Amino acid sequence: AKSISLANLSLPGQPLKVELIKGGLYPSSGEKLVEGRAKGIIRVYNNYSTQPQILVARTRFLSPEGRLFRTTKRIVVPGAKYENGKLIPSYTEVEVVAAEPGEEYNIGPTTFSIPGFAGTPKYTGFYGKSLSPMTGGFKKSVKVVTEEDISRAKEDIKKKAFAEAKEKLAKQLPANYKILEGSINQEVVETLSSIKPGMESDSFILKIKVRA
C-alpha cells in the first residue's frame with residue numbers, strides 16, 4: 001500500500017529490522033565435591049636376598065602413620081649383592097598413589113612397609129622410602145553452573161534484549177509512522193556462550209543475539 005485506503009482497509013507500512021547482542025554476568029548456584037589423590041615416587045628396597053622380587057601393580061605400601069599407597073604398575077626389585085660378606089640392598093623406583101583422596105595423604109619423606117609381606121621374613125627385608133613429599137591430595141567443594149542457572153540467565157537477558165531492540169526500532173521510525181500493537185516479531189537468533197551445565201565456575205557470562 002502506498003496510501004491510506006479505507007475501501008481496502010489498508011495502510012502504507014515499512015519493515016524495520018534490528019539485531020543486537022546482549023550479555024551479562026551471572027552467579028553459579030550448583031555445588032560439587034572435587035577431590036584428588038596424593039602421589040609420588042618411592043624407592044623399593046630388597047634387603048632380603050640376592051634373588052629379584054616381583055611386585056604386582058597396586059602393591060600396598062603403608063606409612064608409619066597409617067597412610068596407604070599403591071603402586072601404579074608391576075615392578076621387579078633387583079636382587080641384593082654381597083660385598084665383603086655384607087648384604088648390600090638394591091632398589092628400584094616406582095610411582096605410588098594414595099588409596100584415598102585428601103590432603104592428609106600429602107605426607108613428607110618417610111619409610112613404607114609392605115603389608116602383603118606381614119608375618120613373613122620378607123616383611124623386614126623389603127620396604128619403600130620416599131625422598132620427596134607426596135603431593136596432589138585434596139578435597140573441596142566448588143561452584144558449578146547448572147541448567148537452571150543458564151535458563152534463568154537466558155530469560156533475564158532476553159527480556160532486556162527485547163526491550164532494547166524495541167527502543168531501537170522506535171528510533172528508526174520515519175516521520176508520521178508508528179508501531180502498531182502486535183506488529184513486532186522478536187526472536188533469539190543465537191546463544192553466544194561456551195559455558196555448559198556442570199562446568200566449574202563461581203560465575204559465568206552468557207550472551208544472546210536477538211532480532212526484532
Side-chain angles (χ1 to χ4, degrees), residues 25-150 193-206:
L25 179 66
Y26 295 88
S28 303
S29 65
E31 287 188 0
K32 75 174 180 180
L33 180 68
V34 294
E35 52 191 27
R37 299 180 187 230
K39 61 177 63 175
I41 302 295
I42 65 170
R43 287 183 175 180
V44 184
Y45 288 87
N46 178 351
N47 193 28
Y48 177 71
S49 76
T50 56
Q51 298 298 313
Q53 175 68 48
I54 296 175
L55 295 178
V56 299
R58 294 182 59 79
T59 294
R60 294 174 297 159
F61 283 83
L62 191 65
S63 71
E65 63 269 34
R67 304 301 181 205
L68 187 66
F69 289 78
R70 295 181 184 272
T71 58
T72 59
K73 62 181 181 180
R74 175 184 181 273
I75 60 171
V76 178
V77 188
K81 296 180 180 181
Y82 276 102
E83 292 183 7
N84 300 321
K86 183 179 179 182
L87 189 65
I88 305 300
S90 64
Y91 69 84
T92 188
E93 293 187 340
V94 66
E95 183 184 55
V96 293
V97 179
E100 300 289 340
E103 293 181 359
E104 62 270 25
Y105 284 86
N106 295 333
I107 59 176
T110 188
T111 300
F112 296 86
S113 61
I114 304 177
F117 287 151
T120 72
K122 290 183 177 182
Y123 185 69
T124 54
F126 289 91
Y127 53 90
K129 281 188 176 182
S130 56
L131 306 182
S132 56
M134 299 292 167
T135 60
F138 68 91
K139 284 183 181 179
K140 64 179 181 179
S141 180
V142 297
K143 286 287 188 180
V144 295
V145 182
T146 67
E147 290 185 7
E148 291 76 15
D149 291 335
I150 295 177
S193 177
S194 60
I195 204 75
K196 295 181 180 178
M199 290 182 65
E200 297 178 20
S201 180
D202 291 333
S203 59
F204 63 96
I205 294 175
L206 188 69

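These numbers come from a predicted model, not from an experiment.
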Are any side-chain N or O atoms of Thr146 and backbone N or O atoms of Gly30, one a donor and one an acceptor, separated by less than 3.5 Å? no
Taking the side chain as every heavy atom from C-beta outward, state whether Tyr91 and Val77 have any atom pair closer than 4.5 Å. no
Full working for side chain to side chain contact (heavy atoms under 4.5 Å, CB included) between Phe112 and Leu62: CA-CA 5 Å; Phe112 296 86; Leu62 191 65; 5.7 Å; no
Partners of Glu200 by side chain to side chain contact (heavy atoms under 4.5 Å, CB included), sequence neighbours excluded? Lys32, Val34, Val142, Val144
Give me each pair satisfying salt bridge (charged side-chain N to carboxylate O under 4.0 Å, His left out) with a member in residues 70-81, each pair once, sequence neighbours excluded. none
Nearest 0.5 angstrom please: Ile150 CD1 to Leu206 CG, how far? 7.0 Å
Go through the steps for Leu55 and Val94 under the test side chain to side chain contact (heavy atoms under 4.5 Å, CB included), then give the verdict. CA-CA 11 Å; Leu55 295 178; Val94 66; over 6 Å; no
So CD1 of Ile75 and CD of Glu95: to nearest 0.5 Å the spacing works out to 12.0 Å
Of all residues at least two apart in sequence or in a different chain, which pass the side chain to side chain donor-acceptor pair (under 3.5 Å) check with Ser29? Asp149
When rounded to the nearest 0.5 angstrom, what distance separates OH in Tyr123 from OG in Ser113? 3.5 Å
Could you tell me the separation between the CG atom of Leu87 and the CG atom of Asn46, rounded to the nearest 0.5 Å? 7.5 Å
Hey, is the main chain of Gly136 close enough, under 3.5 Å, to the side chain of Arg37 for a donor-acceptor pair? no
Just verifying a value: how many Å separate Glu100 CD and Tyr105 OH, rounded to the nearest 0.5 Å? 5.0 Å
Residues in side chain to side chain contact (heavy atoms under 4.5 Å, CB included) with Lys122, at least two apart? Tyr48, Gln53, Phe117, Thr120, Phe126
Contacts of type side chain to side chain donor-acceptor pair (under 3.5 Å), residue Asn106, not counting sequence neighbours: none
Residues at least two apart in sequence or cross-chain that pass salt bridge (charged side-chain N to carboxylate O under 4.0 Å, His left out) with Lys139, listed by chain then number, are none
Taking side chain to side chain contact (heavy atoms under 4.5 Å, CB included) as the definition, give me every residue that meets it alongside Glu83, ordered by chain and number, with sequence neighbours left out. Ile88
With sequence neighbours left out, write down each residue that passes salt bridge (charged side-chain N to carboxylate O under 4.0 Å, His left out) with Lys143, or none if nothing qualifies. Glu31
Partner residues of Pro89 under the side chain to side chain contact (heavy atoms under 4.5 Å, CB included) criterion, sequence neighbours left out: Tyr45, Asn47, Tyr127
Report the distance from atom CD1 of Ile107 to atom OG1 of Thr135, rounding to the nearest 0.5 Å. 11.0 Å
Can you find a heavy atom in the side chain of Ser132 that is under 4.5 Å from one in the side chain of Ile41? no
Quick check: does any side chain N or O of Ser130 sit under 3.5 Å from a backbone N or O of Thr110, one acting as donor and the other as acceptor? yes
For Ala80 versus Ser90, what's the shortest heavy-atom pair and its separation? N-OG, 3.6 Å
Between Val76 and Pro52, what is the shortest heavy-atom contact and its length? CG1-CB, 3.9 Å
Enumerate the side chain to side chain donor-acceptor pair (under 3.5 Å) contacts for residues 59-69, please, sequence neighbours excluded, ordered by first and then second residue. Ser63-Glu65
Any pair counted as salt bridge (charged side-chain N to carboxylate O under 4.0 Å, His left out), so long as it reaches residues 42-58, sequence neighbours left out: Arg43-Glu93
Please find the pair of heavy atoms, one from Ser201 and one from Ser28, that lie closest to each other, and give the distance. O-OG, 2.8 Å
Between Tyr26 and Val145, does the side chain to side chain contact (heavy atoms under 4.5 Å, CB included) criterion hold? Intermediate values first, please. CA-CA 10 Å; Tyr26 295 88; Val145 182; over 6 Å; no
